[in-house]
Asks: 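Dropping a structure here in structure tokens format, bear with me for questions.
Sequence lines set the chain letters: A, B, ... in the order given, protein chains first and strands last, and positions in each chain run from 1.
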Protein chains: 2
Amino acid sequence: MSRFSKSDCLEDLRRRILSTELEPGTDLDEAGLSQHYEMSRTPLREVLQRLQGEGFVVMSENRGAKVASMDIAVLRTFFQTAPMIYANIARLACENRTGRQIDALKTAQLTFTKAAKASNAAAAALANHQFHAIIGEMAHNTYLVASLARLQIDHTRMSQTFYRPAAPSEAMLVLKAIEQHDAMIAAIEAREGALAIDLTLQHWDLSRDRMERFVRPDPLPVDVISFKDHTNAL
Amino acid sequence: MSRFSKSDCLEDLRRRILSTELEPGTDLDEAGLSQHYEMSRTPLREVLQRLQGEGFVVMSENRGAKVASMDIAVLRTFFQTAPMIYANIARLACENRTGRQIDALKTAQLTFTKAAKASNAAAAALANHQFHAIIGEMAHNTYLVASLARLQIDHTRMSQTFYRPAAPSEAMLVLKAIEQHDAMIAAIEAREGALAIDLTLQHWDLSRDRMERFVRPDPLPVDVISFKDHTNAL
DNA sequence: TGTATGCAAATTGTATACATTGGTGGAGAA
DNA sequence: TTCTCCACCAATGTATACAATTTGCATACA
């Protein structure tokens, strides 16, 4: 009957939220979604409950579900917390990674590289998400992964612009990110914890600079808004 | 119609899991629970989905929900991760706490003290849970709180035995924990981050010693099992 | 005795109908 | 004109019936 299974629906909604196809704060109408995924409201509601648990959506009684917002207060804590979590995850990944996981990481990196070089922003951001999620799995620490997963939601949403190079200098940054990923794979495979942390923090700095500019973009050119003859125009 | 609201049900299940009234690994039967809480299976299933998101239960397709287990692998990461998270939460709590939250913390401490001194193990463990959850709120960091919440689930379940003093020396440890709580309140109120971290780590050490003995109890007396005349009794 | 197979019971998953809540717009009074 | 109140509508919350899947047991066969 229904073309989508429940897990398909779950994955698809995750994807749409991460790619900001569903923007932060968007109202999620149960009836509409259940029609879109060709399933009844009952299983769809369960999917939403689950997404709430994962931090993708927030729900309030009698008022439905909304895509988790990204207000300024949250972003502050994001920049504050991310390096610590990412670094610790990297260290643990070195200790606990399995050979199979290394293979999965290399596959994810391949997917990421292709999407990034093709300037397919949404695909690149999702592949990057997947790459770091695998490192999270390697860490094998449910407690930290709970933090990581939430950080990644916001990280991936903010980095959407990263992979739409507006200038050649920005395209270079993407290439640098690819190189850093390769170095991280090597460090994790060799179980070199200190190196992995170092690379992770470098990778974070690259990403942070880009995101901070997204959050706090360059101000508009001053001379455009300073019409001396229109002081009352506000 | 139903005596329990959905949020009552959610809270009660949380409580029963934290107090190990529902032991780790217990199968949660939907029909039984919906009858117990006098609501239909639909809202009950949503409650379970939510508890899964919070890490209280695990669900698998067509096989229902189970109370999250506490196997040896998880415990290892628990002891590995907890101090870092608790310490960082304490530091952030100093920075971000509000006056209202300090009041709430003092109230929680009062409840905890009463329960602990009355040797009401389940109530004491839950009150302690509440105390540290409030410090988590103070930290005002969704990412770390996600970790904290999961740590607390296992912490509270393991500390059930802590508040059942088997010997006078153990009763003293409970009194020490109460004192540490008071000191932590003062440090957070005074926004003394370094002190708060220090106290938190001391508090952790106290708790850890007790829990490690729970996880790895003293071996049984040797002479009870060494019947020299019954070597084939196994 | 051990293993395979098929049926039956129990349990989970889904659809739909109905109840309840929150918002909105229009009518009436100040 | 503006404020208040009420009725209606749209959307969420719940109950129940039914479908699908799993599990346990019994039976047959090697």
Asks: To the nearest Å, give me how far apart NZ (Lys66(A)) and C1' (dT12(D)) are.
Replies: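 In whole Å, dT12(D) C1' lies 15 Å from Lys66(A) NZ.
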
Asks: Would you call Arg157(B)-Asp154(B) a salt bridge at under 4.0 Å N-O?
Replies: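 Result for this pair is yes, salt bridge flagged.
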
Asks: Is any side-chain heavy atom of Thr42(A) less than 4.5 Å from a side-chain heavy atom of Arg45(B)?
Replies: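 No. Closest side-chain heavy atoms not under 4.5 Å.
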
Asks: Roughly how many Å is it from NZ in Lys6(A) to P in dA20(D), rounded to a whole number?
Replies: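 One finds 16 Å between P of dA20(D) and NZ of Lys6(A), rounded.
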
Asks: Where along residues 50-63 of chain A does a heavy atom fall under 4.0 Å from DNA chain C?
Replies: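 The stretch gives Asn62(A), Arg63(A) as the residues lying under 4.0 Å from the strand, ordered by number.
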
Asks: Check this for me, if you would: do Arg50(A) and Glu46(A) make a salt bridge, where the nitrogen-to-carboxylate-oxygen distance has to be below 4.0 angstrom?
Replies: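 Glu46(A) and Arg50(A): not salt-bridged.
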
Asks: Rounded to the nearest angstrom, tell me the gap between atom CD in Gln49(B) and atom P in dG13(D).
Replies: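 About 15 Å, once rounded to whole Å.
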
Asks: Could you tell me whether Glu61(B) and Lys6(A) have a side-chain N and a carboxylate O separated by less than 4.0 Å?
Replies: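 Salt bridge absent between Glu61(B) and Lys6(A).
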
Asks: Quick one: on DNA chain C, does Leu28(B) or Thr42(B) contact a more 5' nucleotide (nearest heavy atom)?
Replies: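 The answer here is Leu28(B).
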
Asks: Measure from the side chain of Arg41(A), starting at C-beta and using heavy atoms only, and say which of dG13(D), dT12(C), dA15(C) lies closest.
Replies: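 Selected nucleotide: dG13(D).
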
Asks: Please identify each residue that fulfils salt bridge (charged side-chain N to carboxylate O under 4.0 Å, His left out) with Arg15(B), with sequence neighbours left out.
Replies: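 Testing Arg15(B) for salt bridge (charged side-chain N to carboxylate O under 4.0 Å, His left out), a comparison that skips the adjacent residues, returns Asp12(B), Glu21(B).
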
Asks: Mind calculating the distance between CD (Glu38(A)) and P (dT16(C)) to the nearest angstrom?
Replies: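 Spelled out: CD on Glu38(A) to P on dT16(C) is 13 Å.
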
Asks: With rounding to the nearest 0.5 Å, note down the distance linking NZ in Lys66(A) to CG in Leu48(A).
Replies: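 One finds 14.0 Å between NZ of Lys66(A) and CG of Leu48(A).
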
Asks: Show the distances under 3.5 angstrom between N or O atoms of the protein and N or O atoms of nucleotides 7-9 of chain C.
Replies:
none

Asks: So if I take every side-chain heavy atom of Met39(B) and compare against dA15(D), dA17(D), dT12(D), which nucleotide ends up nearest?
Replies: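 Looking only at side-chain atoms, Met39(B) lies closest to dA15(D).
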
Asks: Measure the distance from CD on Glu46(B) to P on dT14(D) and round it to the nearest whole Å.
Replies: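 One finds 7 Å between P of dT14(D) and CD of Glu46(B), rounded.
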
Asks: Is it the case that the ring center of Tyr143(A) lies less than 6.0 angstrom away from the ring center of His155(B)?
Replies: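 No - the distance between ring centres of His155(B) and Tyr143(A) does not fall below the 6.0 Å cut-off.
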
Asks: Where do Arg97(A) and Glu189(A) come nearest, in terms of heavy atoms and distance?
Replies: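 The answer is NH2-O, 2.6 Å.
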
Asks: What is the distance, rounded to the nearest whole Å, between atom OH of Tyr37(B) and atom C1' of dG13(D)?
Replies: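 The answer, rounded to whole Å, is 19 Å.
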
Asks: Rounding to an integer number of Å, can you tell me how far Leu10(B) CG sits from dT14(D) P?
Replies: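 Taking CG of Leu10(B) and P of dT14(D), I get 12 Å after rounding.
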
Asks: In whole angstrom, what separates Glu30(B)'s CD from dT22(D)'s P?
Replies: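 Going from CD in Glu30(B) over to P in dT22(D) covers 15 Å.
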
Asks: Quick one: does any side-chain atom of Thr81(A) pair with a main-chain N or O of Phe78(A) as donor and acceptor, under 3.5 Å?
Replies: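 No.
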
